[in-house]
Amino acid sequence: GLPLATALPGAAWAQKKIVLGFSQVGAESEWRTANTESIKSAAKDAGIELKFSDAQQKQENQIKAIRAFIAQKVDVIAFSPVVETGWDNVLREAKAAKIPVVLTDRAVNTKDPSLYVTFMGSDFVEEGRKAGRWLVDKMKDQKGEVRIVELQGTVGSAPAIDRKKGFEEIIKADPKFKIVRSQTGDFTRAKGKEVMEAFLKAEGKNGINVLYAHNDDMAIGAIQAIEEAGLKPAKDITIISIDAVKGAFEAMMAGKLNVSIECSPLLGPQLMTAVKDIVAGKPVAKRIVTEEGIFPMETAAAEFPKRKY
Ligand code: AHR
């Protein structure tokens with residue numbers, strides 16, 4: 001049909017609310033809950049009508065949601081793709097229906113970048129590098145082997161692939177660093193605990209020096225497993241994780257987590273700005289990168305009151 005601005009007379013156009021369809025990954029972590037909250041409140045503040053759908057960590061549910069948004073003729077579709085691959089067909093359907101698509105938080109792997117307008121979110125490879133650099137520095141005087149276990153995020157997701165890649169890129173410079181076990185904990189506390197229990201069983205009490213968890217929730221679950229095994233988290237096993245959610249600050253203040261690398265979930269306001277610009281026909285940058293810090297446990301008490309998620 002005609003663009004809204006031409007199809008409706010002035011007054012009606014001014015009153016017409018922008019409708020945004022958003023397909024969320026799920027509610028797997030504290031990060032995700034904060035992200036959902038940020039999107040919902042930013043939509044409200046911006047006067048944008050939000051159709052929100054939770055995919056419960058399943059790609060098929062996201063594809064269904066996107067198809068439903070196309071059928072409802074929303075103005076813009078935004079989504080945070082649970083995994084990287086397998087989106088081309090549904091994105092082509094959106095393009096054919098002339099509905100612009102925005103990627104938030106996680107990227108897709110596609111040969112056709114015209115299938116989305118912009119991708120806003122963190123540089124996950126850089127987060128992995130930050131984790132690696134922190135560890136290399138912390139262990140610089142260590143002579144023997146450093147035995148690392150890794151709790152990966154959701155299989156096939158951009159943050160799991162990229163955080164692994166960035167971390168390995170840094171630690172491979174010194175052969176004393178060895179990833180002895182690496183398995184997915186699906187970004188959840190329950191899985192993080194379960195997999196850490198298995199790691200401890202397989203490697204024995206003295207077989208693990210470092211835990212690298214792709215998010216705070218899995219680290220928090222793993223801390224429980226470590227304590228239940230009679231070990232001291234952050235002392236017997238150095239623990240690094242990503243997100244810097246409040247739960248991680250609490251763990252750091254309790255002396256149980258060594259460092260959290262920041263990944264900001266507060267993407268709502270910039271998403272709404274992009275949506276408005278897209279509808280108004282203004283140009284939008286193809287990539288919008290989130291700025292983020294690093295919080296070692298020594299900084300936790302001072303930073304905690306300032307944290308917004
Ligand atoms: O895509 C971002 C990741 O997804 C967060 O780091 C993790 O906590 C979430 O589940």
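Both ligands and their constituent atoms are indexed starting at 1 by order of listing.
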Carboxylate-amine/guanidinium proximity below 4.0 Å for Lys16 and Asp75 = yes
Can you name the residues that come within less than 4.0 Å of ligand 1, going by heavy atoms only?
-> Glu28, Ser29, Trp31, Arg32, Asp105, Arg106, Phe124, Pro159, Arg163, Phe187, Asn215, Asp243
Determine, for Lys130 against Glu262, whether the closest basic-nitrogen to carboxylate-oxygen distance falls under 4.0 angstrom.
-> no
Phe177: ring-ring contact (aromatic ring centres under 6.0 Å, His included) partners, not counting sequence neighbours | none
Cationic N near anionic O, under 4.0 Å, Asp162 to Lys165 | no
Proximity of Trp87 and Phe79 rings by center, below 6.0 Å | yes
Can we say Glu126 and Arg129 salt-bridge, meaning some charged N sits less than 4.0 Å from an Asp/Glu carboxylate O?
-> yes
